[in-house]
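Comments concern the structure below.
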Amino acid sequence: MTTVAEKSPLAKVSGEPYLQWPPDLYIPPDALEVFLEAFEGPLDLLLYLIRRHNLNILDIPIAEITRQYMDYLSLMQDLQLDLAAEYLVMAAWLAEIKSRLLLPDPTPAEAEEEDPRAELVRRLQEYERFQQAAKALDSLPRLERDLFVANVETVEGPPARIPPPVGLADLLGALRDVLARAELFGRHHVRRETLSVRERMSQVLERLDALRFTPFTALFRPEEGRMGTVVTFLAVLELLRETLLELAQAEPFAPIYLRKRL
Amino acid sequence: MPELIAIIEAVLLAAGEPLSLERLSGVFPEAERPEREVLRTALSELAIACAGRGVELVEVAGGFRLQVPQAFSPWVSRLWEERAAHYSRALLETLALIAYRQPITRGEIEAVRGVSLSSSIMKTLQERDWIKVVGHREVPGRPALYATTHTFLDYFNLKSLSDLPPLVAAREPEIIGAEVDLHAQANPPALSGDTRMESSS
Amino acid sequence: MPELIAIIEAVLLAAGEPLSLERLSGVFPEAERPEREVLRTALSELAIACAGRGVELVEVAGGFRLQVPQAFSPWVSRLWEERAAHYSRALLETLALIAYRQPITRGEIEAVRGVSLSSSIMKTLQERDWIKVVGHREVPGRPALYATTHTFLDYFNLKSLSDLPPLVAAREPEIIGAEVDLHAQANPPALSGDTRMESSS
């Protein structure tokens, strides 16, 4: 693919830059390659020739246009350009149209038969439509050329993350693994514990203050029933055993107070 | 707490891409999520507030976007050394065919253009996320059917395909021949804006 | 022609990076290039015009830039929310130990796991509001005692810690295996143990 920058010469011939397109069909042979590559195929080349000669495509002088088309083709061949098959197919088609126009119609009864040029005209028209559409598309205001997305940095860097989901089974699996490993170390003893005591220990610790004493009885909630009371009691005992709590009682049978150890 | 219209502006500016109403309302915690109508009203207020400024609010296929209006492109484009990408005629013709005739197969594109389609063009169009395969034609070989994307519409500042310039009817044959010759002097038809892009992207 | 302040706004918005005074004045054709002082005045006017909007003008090392003020980050960050990778095995084990053996110190967790605990794990667990410090153990160094929170129970849909699967099951791998499999059917890809998360947060 040739890259033709906007303001750079269209072609260089013997080192001389060509800034303008050749005014007529004559093209310096060295520039032809660039020139021909600019065509988007045989239909494009045909349209160019038609425009160049200001022809009515409904009334294409097939003989003349075919001659010119073939001239280009032979030039391409001389220059050993890779001649795409499409150009040759078009040449054959033009030749066929020309021959059908030359031959007298042997069956005048079937005069309804289409002008052999009709299909060529239809295709030229159709292709021309999309040439126009491409131009219209190109002239639409578009990003990066006419419009620019307004985009600014944010002060805060990293995006919020949605934390990953965790299932209870994952937790249990993890625990099983870690306990199995701990077993291997053999130094740690995994006790079977009543979870609710452990939970209550955390709750008690939370409720207690390190500075002020809390009445022992305030930790119990009657609505929890006997089990709840027992669990809380066990939790307090365990916390005392782990020396996380401080217990105070002024005298026997006086209210008991608890506070977190500092 | 900042005003709703300022929040919308901030979010659109930070996004740098069109945001749908859904995504816009998704930035509010559920308890504070404005009604769609409230959001729409705020958006129109923001659009009005942009008047005379260096930014405009547009609705394109992908949603709402703040962009620098075309009137400023002379200054903005001087910001970068490189010129904006120009697309080859081959690419634009192919894109036009896909846009107006979608869904369309590669063979159908080639039939209209009369030339085989370089795969680099299709690659560029797909890399830019302008076209996508939407199905296959049930004929031998099951060729892929191509259509344009939201991104294509967004890039060309369009809200929907119906905003494309109308496809001209096949033109009067005399016009095709005549008009273009004038053109040919200044600006040969074979080559308007032909900086090739396909292979780079 | 647009106002100078609007042109500056447009150019800064399109640039998306800080622009020095030189680069800013470079967007004007030489004949129309404003004096530095004029440019500076326009910049301060722009800064004032931004008040109350979703954008602010700041001068940073590289020059001037428009940015979304920090006050908007709660909304903006929700725009980019992304689902983090799965939690690491280490994090899950730590969480499990805290859940089953609370209140527990970091040292005790390390003793059971046999490896030292990265502080990012504790940070992640605390950020997620799954664990909290409930006290300190009265041993030298007074290490913090960790326990799980209400949020933790809510997340795992537990009414209380006693609803956790019984710890004893951990000693009978066959049973657990079966149970975990059942779970896994119901809600499959909850974790693949080795997608590390600790180092991020």
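In what follows, chains carry the letters A, B, and so on, assigned in the order in which the sequence lines appear, proteins first and then strands, with residues in each chain numbered from 1.
- Between V115(B) and Y127(A) there is no side-chain heavy-atom pair separated by less than 4.5 Å.
- Counting only heavy atoms from C-beta outward, the side chains of L137(A) and L164(B) approach each other to under 4.5 Å.
- Heavy atoms of V55(B) lying under 4.5 Å from chain A belong exclusively to its side chain.
- Comparing G41(A), A136(A), P141(A) by how many heavy-atom pairs each has under 4.5 Å with chain B, the most go to P141(A).
- Heavy-atom distances place the backbone of A15(B), and not its side chain, under 4.5 Å from chain A.
- For the set N157(B), L158(B), V58(B), L97(B), the entry with the most heavy-atom pairs within less than 4.5 Å of chain A is L97(B).
- Heavy atoms closer than 4.5 Å to chain A are found in both the backbone and the side chain of S116(B).
- Contact annotation for P69(B): only backbone heavy atoms (N, CA, C, O) come within less than 4.5 Å of a heavy atom of chain A.
- A heavy-atom distance below 4.5 Å is found between the side chains of Y100(B) and F130(A).
- When side chains are defined from C-beta on, L147(A) counts as touching E56(B), because their heavy atoms get closer than 4.5 Å.
- With R113(B) as reference, E40(A) is the one residue of E86(A), E40(A), Q131(A) to meet the side-chain contact (heavy atoms from CB on, under 4.5 Å) rule.
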When you look at S73(B) and R145(A), which way does the side-chain contact (heavy atoms from CB on, under 4.5 Å) test go after all the steps? CA-CA 7 Å; S73(B) 71; R145(A) 187 188 66 184; over 6 Å; no
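- Looking at A111(B), only its backbone comes within 4.5 Å of chain A, counting heavy atoms on both sides.
- Of all the listed residues (E144(A), M90(A), E126(A), R123(A)), the one sharing the greatest number of non-hydrogen pairs under 4.5 Å with chain B is E144(A).
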